[in-house]
Number of protein chains: 2
Amino acid sequence: MNTDIKYDSRQKLLGAALKVIREKGYAAMRVDDICAEAGLTKGGFFHHFKGKEDFAVAAANYWSEMTGGFFASAPYHLLPDPLDRVLGYIDFRKAILRGSVPEFTCLVGTMVQEAHATNPAIRDACDASISGHAAEVAKDIAEAKKLYAPDARWTAESLALHTQAVIQGAFILAKAKQGPEIAADSIDHLKRYIELLFNRDSTGRTRDDHRNP
Amino acid sequence: MNTDIKYDSRQKLLGAALKVIREKGYAAMRVDDICAEAGLTKGGFFHHFKGKEDFAVAAANYWSEMTGGFFASAPYHLLPDPLDRVLGYIDFRKAILRGSVPEFTCLVGTMVQEAHATNPAIRDACDASISGHAAEVAKDIAEAKKLYAPDARWTAESLALHTQAVIQGAFILAKAKQGPEIAADSIDHLKRYIELLFNRDSTGRTRDDHRNP
DNA sequence: GACGACATACCAACCAGTCGGTATGTCGTC
DNA sequence: GACGACATACCGACTGGTTGGTATGTCGTC
């Protein structure tokens with residue numbers, strides 16, 4: 001694999017996207033902003049990308065790769081019990097609510113809000129990113145469901161997507177209120193929900209009381 | 001009170017905002033789009049609003065008024081039990097997921113995503129709208145909490161804001177997937193969470209099993 | 001020279017906002 | 001009621017700065 005990159009301009013441009021799009025969204029993002037952030041000029045930008053939209057699609061894919069790697073190396077994966085892994089994922093989500101609001105919020109969740117009706121390529125790239133991540137979370141949920149709530153009426157996929165809805169919504173509230181506290185509260189509610197769903201109390205013990213949420 | 005409006009241009013412009021902003025967001029919304037939708041020209045627009053930003057702030061306030069009235073007249077308010085009213089609100093939320101995606105999603109949730117870092121006036125207007133609505137929901141939650149979960153560790157305000165996070169996040173997923181089904185699923189999860197929180201099973205009976213989620 | 005990776009200069013379309021103008025409404029005076 | 005002065009509502013042409021994109025130039029490598 002050719003990873004010996006002599007020129008890293010493309011990476012710089014995509015890295016710039018992570019910052020600029022989360023600050024301003026897609027429409028307000030200017031190619032000049034990206035170039036300034038990357039320390040390049042438009043010539044370099046248009047050498048690598050056909051246009052602004054093409055760049056945004058590539059940025060969504062880049063975001064997906066970066067965050068995919070980040071989550072794949074998170075320590076909760078080492079837990080043997082699948083439910084512990086799910087709850088570990090939620091705790092991890094809460095733990096990474098750090099820095100300024102643009103730093104902890106989601107590039108694809110931001111972009112899909114504005115581009116959903118007017119730019120199908122961007123929307124689809126964002127959907128792929130969100131759905132791909134949810135599918136990863138769904139794996140542990142499915143295992144936990146099999147062990148602890150085999151007869152529950154909800155599906156692992158549905159719950160996984162719900163976690164993403166909560167997290168994306170929490171980011172909106174964090175943006176409105178300019179800080180992570182409100183988002184952390186919502187993630188606490190999500191964790192409590194999952195504990196209740198699996199009949200696990202705060203001591204970590206999973207109780208059996210015959211309820212089927 | 002002088003409600004005999006001879007000219008309704010301002011209303012038309014604000015009504016146009018409800019459509020255009022939900023389709024394209026703030027930055028991509030052009031003054032010309034609004035004028036076209038309202039059947040007026042820029043002269044008329046700039047007569048009523050100082051500029052694009054001023055208009056967006058007014059649109060957020062208008063959205064807040066309109067939806068405030070809409071929710072105030074919803075039938076779940078007639079239920080005597082506060083917990084029934086909370087669950088009725090959730091059911092109502094699910095029931096109004098109709099029409100095209102821009103038609104059932106939120107103007108202020110959309111706008112705050114892009115404007116949060118770059119436009120404080122718009123952000124604050126959006127925050128006021130979201131928070132004001134959550135405060136209305138929190139009233140019934142507080143009553144229900146007092147009756148059914150007085151010792152719970154979460155606050156009514158926190159749960160109310162969580163409902164908004166879920167709903168906003170559900171809209172993001174609906175935009176990504178271009179339909180209401182995914183949002184309805186997430187709202188089902190929210191309802192289940194609230195039922196679990198208040199120890200209410202699906203038959204409508206609130207059980208007492210000494211748990212304090 | 002060919003090519004890739006950029007930089008710089010330039011372009012044309014775009015778009016928020018301006019401004020002179022017309023149309024309509026209001027009010028006081030006769 | 002007629003009239004003039006003034007205010008309000010709106011129109012449409014226009015402006016000028018901006019922005020995505022194109023054309024051309026430069027440089028290093030082979």
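Every chain is numbered from 1, with letters handed out A, B, ... down the list of sequences. Model, not experiment: these values are computed from the prediction. Values below: every heavy atom of this structure, side chains too, minus hydrogens, waters and symmetry copies.
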*Using a cut-off of strictly less than 4.0 Å, decide whether A/His47 has a side-chain nitrogen or oxygen near OP1 or OP2 of C/dA5.*
yes
*Contact under 4.0 Å: B/Thr41 side-chain N or O vs D/dG12 OP1/OP2*: no
*asked:* Tell me if a side-chain donor or acceptor on A/Arg22 pairs with a main-chain N or O of A/Thr105 at a distance below 3.5 Å.
replied: yes
*Test item: A/Ser73 side-chain N/O and A/Phe70 main-chain N/O as donor-acceptor pair under 3.5 Å*: yes
Electrostatic pair [X]-[Y], nearest N-O below 4.0 angstrom:
{"X": "A/Asp124", "Y": "B/Lys177", "result": "no"}
{"X": "A/Asp84", "Y": "A/Arg200", "result": "yes"}
{"X": "A/Lys19", "Y": "A/Glu23", "result": "yes"}

*Please state how far atom CG in B/Leu13 lies from atom P in D/dA9, giving the value in whole angstrom units.*
12 Å
*In whole angstrom, what separates A/Ile34's CD1 from C/dC6's P?*
16 Å
*Mark up nucleotides 17-25 of chain D, 5' to 3', with B wherever a protein heavy atom is under 4.0 angstrom from a base atom, S wherever such an atom reaches only the sugar-phosphate, and - elsewhere.*
--SBBB---
*asked:* Could you tell me if A/Lys52 sits above the aromatic ring of A/Phe45, with its cationic atom closer than 6.0 Å to the ring centre and no more than 45 degrees from the axis?
replied: no
*Please determine if B/Lys191 forms a cation-pi arrangement with B/Tyr89, meaning its NZ or CZ atom is less than 6.0 Å from the six-membered ring centre and no more than 45° off the ring axis.*
no
*Looking at residues at least two apart in the chain, or sitting in another chain, which of them share a side-chain hydrogen bond (donor to acceptor under 3.5 Å, both in side chains) with A/Gln178?*
none
*Grab the stems for DNA chain C, please: at least three consecutive Watson-Crick or wobble pairs, both distances below 3.5 Å, written as range with range.*
C:1-30 with D:1-30
